[in-house]
Amino acid sequence: MTEQVKITLPDGSQRDVARGTTPAEIAAAIGPGLAKAALAAKVDGELYDIMRPLEADAQLALVTAKDEKDALELVRHDFAHILAEAVQALFPGTQITFGPATDDGFYYDVAAPASRGPFTEEDLPAIEAKMREIIAADKPLRREVWSREALIERWASQGESFKAEWAAELPGDEDLTVYWSGNDWLDMCRGPHLASTGKLDPQAFKLTRVSGAYWRGDQKNAMLSRIYGTGWLNKKQLDAHLLRLEEAAKRDHRRLGQEMDLFHLQQEAHGSVFWHPNGYVIYRALEDYMRRAVNGAGSKEVKTPQVMDARQWEQSGHWGKYRENMFVIPDETPNIEDDGPMVSNDAQWMALKPMNCPAHILIFKQGIKSYRDLPLRLVENGCCHRNEPHGALHGLMRVRQFTQDDGHIFCREDQIVDEVQDFCKLADRVYKDFGFTYSIKLALRPEKRFGTEEMWDLAETELRDAVVRAGLATEEYGWEELPGEGAFYAPKLEWHLTDAIGRTWQVGTIQSDRVLPERLDANYVGEDGEKHRPVMLHRAIFGSYERFIGILIEHFAGKLPVWLAPTQAVVATIVSDADDYAKEVVAKLAAAGIRAETDLRNEKINYKVREHSLAKVPNLLVVGRREAEEGTVALRRLGSDEHQKVMTVDGVIAQLVAEATPPDLR
RNA sequence: GCCGGAUUAGCACAGUGGUAGUGCAGCGGUUUUGUAAACCGAAGGUCGCGGGUUCAAAUCCUGCAUCCGGCACCA
């Protein structure tokens, strides 16, 4: 053990310093500016408190606000601690549990004192004020290492039962780190933290909401109060973030769905969509698009029953595994007139389909299938009903009745990789046609699963190989494997779309399933004349029409590409003298296949422009006396910054027809 | 399903124990208008549903339903 340690800085220079020197001291030695700016250190690539002594030779980099990702993480984590301290200061008896940084801020889960009930948003202003007090006091955060026993004892003596439980159950047998912060407030934490609360900008955070959250994320556990905040390095960043939230709210498909008259939802059919004429145009355009795409890929479209006998669901395993999400109906007329039982004791039950797969196997099983019939690719715009937990319902994104662009490929073992690879190519083309970038993830075997380890090894390898061969297992495609996230019967490849404001949505999937063909006894005759079990690939690209349309609305902020826009052009008159001409233009547009309407109302052109702009009509063709005389239109594109352009009717039609052509037909 | 909040005219919202209001839309009229809201007028409501307290309830209490924000679950 030497008393000197060798510290290597990012520029390659080296310094010999006494063991126990802190990164803060080294920063000070380099210069006062750096000393002030340094928030934390990276020691051999690991984030370190700036006050934590260096005990060995190391690569050292000082983290400043310029290292935004690390700096934000530190700041948010500090805000979380201060939040918890503030809550305990204001509401004695509150227990603390866990409080991490998030993508845009932080939260802390606390258990409110039994005497007062859960926290509400009304409590937030007081908590924020207290947090600012703690920040202003500018007290240092100090790291200490405690023995597990001492820490458990401390938590127990303070009545912190959640912390005590957690300290006892943290894996490993090492000592635990704690931090003192604020007004001698202790939390168990891996760190790192800033040197002092004064490093935080008291105007750079805002508490945003309160909600319930289960202790350790488990429904069986206590419900805690989760207090959310957003936290940044400075007020400018915070304001920019709040503005982004407002912009995101303007894209909300529920709001745009109403403004654009696309669909509605109502109490009497909650979780099921009423598609209005405008919205159903989008829906049908997508159906047509998908039919062309999958037919081109060698699939055959089928349609299967909405309701099947419960015995069928028993055999497929859904009755046992999925019944609580299924709508079950008696196969008799329920007695609703008398007080007696609604259904007879020996009632037969049926259920609305929550998935299409069993029905597709039943089609496969009709007649004898030869190895020559494989791969057999069945697709269906399959309308499914799932009785989702009520708290999960959300606009078009989570509904109880939805239509999947579902499909099942029945194939031999040796065909799997080719089929998956072809599917990757198909999905790639579809997502690019809609302007999405995406990432692909492989969800690996979950804890609870059917089948042998060998089967899972095989299934995971097949899917991985197919993506590698399709050239998509790269960083560009966000390739990632997710341990434990697969379905109980199969690993899943998942396609996650990234939308215009950076959010991700899981839509497409392909899964290789050997369980369901077994349960429903599907087989084909092989070259050897023997019966064999086909593998079943479950696959979808949109996922569901409902959710995909929701994503499209938000991605485009309602300004759908012309080929999807419900109304592609409105011909608006300035004076009633142009009415006949407007009708003529619309007739020509309609004849060319454009969804066009007239607006002959007795309103000023300003009014019409505003109204059709808000309705997100992509093309407004303005006609007055001049245009009627000259046989032209003044084309105004959606978005007021683009100037209008006077064009001939034929010119406009040619342009609109080009834009209204679906991307796969261009 | 769990925690919290909400539900008033087609839409957005005000109204906290004493005669239900505003703006926009819709309807009738005037205006013929050149690129994001012309003017005037008359209408429009079992205040989510049920029960209770009160002389009196949109308002207070209570049960239920739906919605919103999260949690858990998920296409």
Side-chain angles (χ1 to χ4, degrees), chain A residues 107 109 111-112 117-123 208-228 252 254-255 258-259 261 264-271 322 324-325 354-356 382 384 386-406 487 492 494-495 505-509 538 540-548 550-551 572-579 600-615 620-627 634-644 646:
Chain A
Y107 65 79
D109 285 350
F119 293 108
T120 71
E121 289 186 11
E122 287 173 16
D123 298 317
T208 49
R209 53 181 175 255
V210 181
S211 81
Y214 299 106
W215 166 233
R216 298 176 139 196
D218 190 329
Q219 280 192 75
K220 293 191 281 291
N221 290 340
M223 177 63 70
L224 307 168
S225 287
R226 175 169 296 179
I227 302 175
Y228 282 93
D252 192 310
R254 293 165 299 183
R255 173 172 167 170
Q258 187 182 66
E259 287 174 5
D261 194 17
H264 85 270
L265 294 155
Q266 69 180 57
Q267 190 168 323
E268 290 75 10
H270 70 279
Y322 208 71
E324 61 183 29
N325 284 311
M355 299 182 194
N356 305 299
C384 295
R386 295 184 190 171
N387 198 349
E388 300 286 354
H390 286 195
L393 300 178
H394 180 92
L396 297 177
M397 302 302 190
R398 196 74 184 276
V399 288
R400 304 207 299 177
Q401 177 191 315
F402 56 96
T403 301
Q404 296 177 311
D405 64 313
D406 205 2
K492 298 195 284 190
E494 301 173 345
W495 275 256
W505 307 90
Q506 202 237 296
V507 286
T509 181
H538 303 243
I541 299 177
F542 290 158
S544 84
Y545 283 88
E546 287 76 5
R547 179 180 288 179
F548 197 72
I551 295 168
T573 51
I574 293 170
V575 291
S576 49
D577 288 352
D579 286 3
L600 311 179
R601 291 175 303 170
N602 177 13
E603 297 288 354
K604 290 194 154 196
I605 195 63
N606 289 330
Y607 182 90
K608 295 184 184 183
V609 165
R610 176 181 156 81
E611 202 166 74
H612 299 300
S613 298
L614 289 174
L620 188 61
L621 280 50
V622 178
V623 296
R625 284 198 190 89
R626 200 155 64 221
E627 287 76 12
L635 174 65
R636 188 189 207 278
R637 313 279 281 176
L638 182 57
S640 53
D641 38 355
E642 215 175 315
H643 289 299
Q644 57 152 344
V646 178

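Atoms considered below: every heavy atom in the structure, side chains included; atoms not considered: hydrogens, waters and symmetry mates. First the proteins, then the strands, lettered A, B, ... as listed; each starts at 1.
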Asks: So does A:E324 reach the base of B:G1 with its side chain, donor to acceptor, closer than 3.5 Å?
Replies: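 Donor-acceptor pair under 3.5 Å: no.
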
Asks: Side chain of A:R626 only, heavy atoms from C-beta on: which candidate in B:A75, B:U35, B:G34 is closest?
Replies: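 It is B:G34.
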
Asks: From the options B:C74, B:G70, B:C11, select the nucleotide whose nearest atom is closest to the side chain of A:Q258.
Replies: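 The answer is B:C11, which lies nearest to the side chain.
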
Asks: Show the numbers, then the answer: is there a side chain to side chain contact (heavy atoms under 4.5 Å, CB included) between A:K492 and A:H538?
Replies: CA-CA 9 Å; A:K492 298 195 284 190; A:H538 303 243; over 6 Å; no

Asks: Which nucleotide in the list B:A72, B:A37, B:A75 gets nearest to the side chain of A:Q219?
Replies: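 The answer is B:A72.
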
Asks: Counting heavy atoms from C-beta on, name the nucleotide in B:A36, B:C3, B:A72 closest to the side chain of A:Y214.
Replies: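 When the side chain of A:Y214 is considered, B:A72 is the closest of B:A36, B:C3, B:A72.
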
Asks: Using a heavy-atom cut-off of 4.0 Å across all strands, would you classify A:R209 as base, sugar-phosphate, or nothing?
Replies: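 Answer is sugar-phosphate: A:R209 comes under 4.0 Å of backbone atoms only.
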
Asks: What nucleic acid atoms does A:F542 come within less than 4.0 Å of, heavy atoms only: base, sugar-phosphate, or nothing?
Replies: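 Touches nothing.
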
Asks: Please answer whether the main-chain N or O of A:T403 pairs with a side-chain N or O of A:E546 as donor and acceptor at a distance below 3.5 Å.
Replies: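 Such a contact is found between A:E546 side chain and A:T403 backbone.
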
Asks: Ring of A:F402 versus six-membered ring of B:A75: centres under 5.5 Å and planes under 30°?
Replies: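 A:F402 vs B:A75: stacking yes.
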
Asks: Rounded to the nearest 0.5 Å, how far apart are CZ of A:R398 and CZ of A:R386?
Replies: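 Rounded to the nearest 0.5 Å, the CZ-CZ separation comes to 9.0 Å.
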
Asks: So A:F542 and A:F548, would you call those rings parallel, tilted or perpendicular, with 30° and 60° as cut-offs?
Replies: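 Judged by the thresholds at 30° and 60°, the geometry between A:F542 and A:F548 is parallel.
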
Asks: So if I take every side-chain heavy atom of A:N606 and compare against B:C11, B:C71, B:A38, which nucleotide ends up nearest?
Replies: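 That would be B:A38.
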
Asks: Taking the side chain of A:R625 as heavy atoms from C-beta outward, which of B:C73, B:A75, B:U32 is closest to it?
Replies: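 Closest nucleotide to the A:R625 side chain: B:U32.
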
Asks: Paired with B:C13: which nucleotide, if any, by Watson-Crick or G-U wobble criteria at under 3.5 Å for both distances?
Replies: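 Pair assignment: B:C13 / B:G21.
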
Asks: Check whether the side chain of A:R226 and the base of B:C3 form a donor-acceptor pair under 3.5 Å.
Replies: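 No, the side chain and the base share no sub-3.5 Å donor-acceptor pair.
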
Asks: If the P atom of B:G28 is compared with that of B:G34, how far apart are they to the nearest Å?
Replies: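 It comes out at 25 Å once rounded to the nearest Å.
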
Asks: Rounding to an integer number of angstrom, what distance separates B:C39 and B:G44 when you compare their P atoms?
Replies: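 Pairwise P distance, B:C39 against B:G44, rounds to 24 Å.
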
Asks: Quick one: A:H270 NE2 to B:C64 C1', roughly how many Å, whole number?
Replies: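 One finds 13 Å between C1' of B:C64 and NE2 of A:H270, rounded.
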
Asks: Between B:G50 and B:A36, how far is it from one P atom to the other, in whole Å?
Replies: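 Going atom to atom, P in each nucleotide, I get 48 Å.
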
Asks: Where the side chain of A:Y607 is concerned, which of B:G69, B:U35, B:A25 is the nearest nucleotide?
Replies: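 Looking only at heavy atoms from C-beta outward on A:Y607, the closest nucleotide is B:A25.
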
Asks: Identify which nucleotide among B:U32, B:A37, B:U66 has an atom closest to any side-chain atom of A:H390, counting heavy atoms from C-beta outward.
Replies: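 Selected nucleotide: B:U66.
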
Asks: Which part of the nucleic acid, if any, lies within contact of A:I574, taking any heavy atom under 4.0 Å across all strands shown: a base, the sugar-phosphate backbone alone, or nothing?
Replies: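 Base, at least one base atom sits under 4.0 Å.
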
Asks: Among B:C2, B:U35, B:G1, which is the nearest nucleotide to the side chain of A:M223?
Replies: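 Closest nucleotide among those given: B:C2.
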
Asks: Base, sugar-phosphate alone, or nothing: which one does A:H612 contact when heavy atoms must sit under 4.0 Å apart?
Replies: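 Counting heavy atoms under 4.0 Å across all strands, no contact is made by A:H612.
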
Asks: Using atom C1' of each nucleotide, how far apart are B:G45 and B:A14 to the nearest Å?
Replies: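 Result for the C1' pair: 15 Å, nearest Å.
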
Asks: Counting any heavy atom closer than 4.0 Å, what does A:T120 reach on the DNA or RNA strands: base, sugar-phosphate only, or nothing?
Replies: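 Contact class for A:T120: sugar-phosphate only.
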
Asks: Please list, chain by chain and in numerical order, all residues satisfying ring pair (Phe, Tyr, Trp, His ring centres under 6.0 Å) with A:W505, sequence neighbours excluded.
Replies: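 Residues passing ring pair (Phe, Tyr, Trp, His ring centres under 6.0 Å) with A:W505: none at all.
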
Asks: Got a donor-acceptor pair under 3.5 Å from the side chain of A:E388 to the base of B:A75?
Replies: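 When only heavy-atom distances are counted, A:E388 does reach the base of B:A75 through a donor-acceptor pair under 3.5 Å.
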
Asks: Looking for any heavy atom pair under 4.0 Å, which part of the strands does A:A392 touch: base, sugar-phosphate only, or nothing?
Replies: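 It contacts base atoms.
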
Asks: What's the gap between B:U7 and B:C47 when it is taken at their P atoms, as a whole Å value?
Replies: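 Comparing P positions in B:U7 and B:C47 gives a spacing of 14 Å.
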
Asks: What interatomic distance, in whole Å, is found between P of B:A43 and the corresponding atom of B:G1?
Replies: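 Result for the P pair: 45 Å, nearest Å.
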
Asks: Which nucleotide in the set B:G4, B:G70, B:A38 lies at the smallest distance from any side-chain heavy atom of A:K604?
Replies: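 Nucleotide nearest to A:K604's side chain: B:A38.
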
Asks: Can you tell me, in whole Å, how much space there is between the C1' of B:U16 and that of B:G41?
Replies: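 Comparing C1' positions in B:U16 and B:G41 gives a spacing of 34 Å.
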
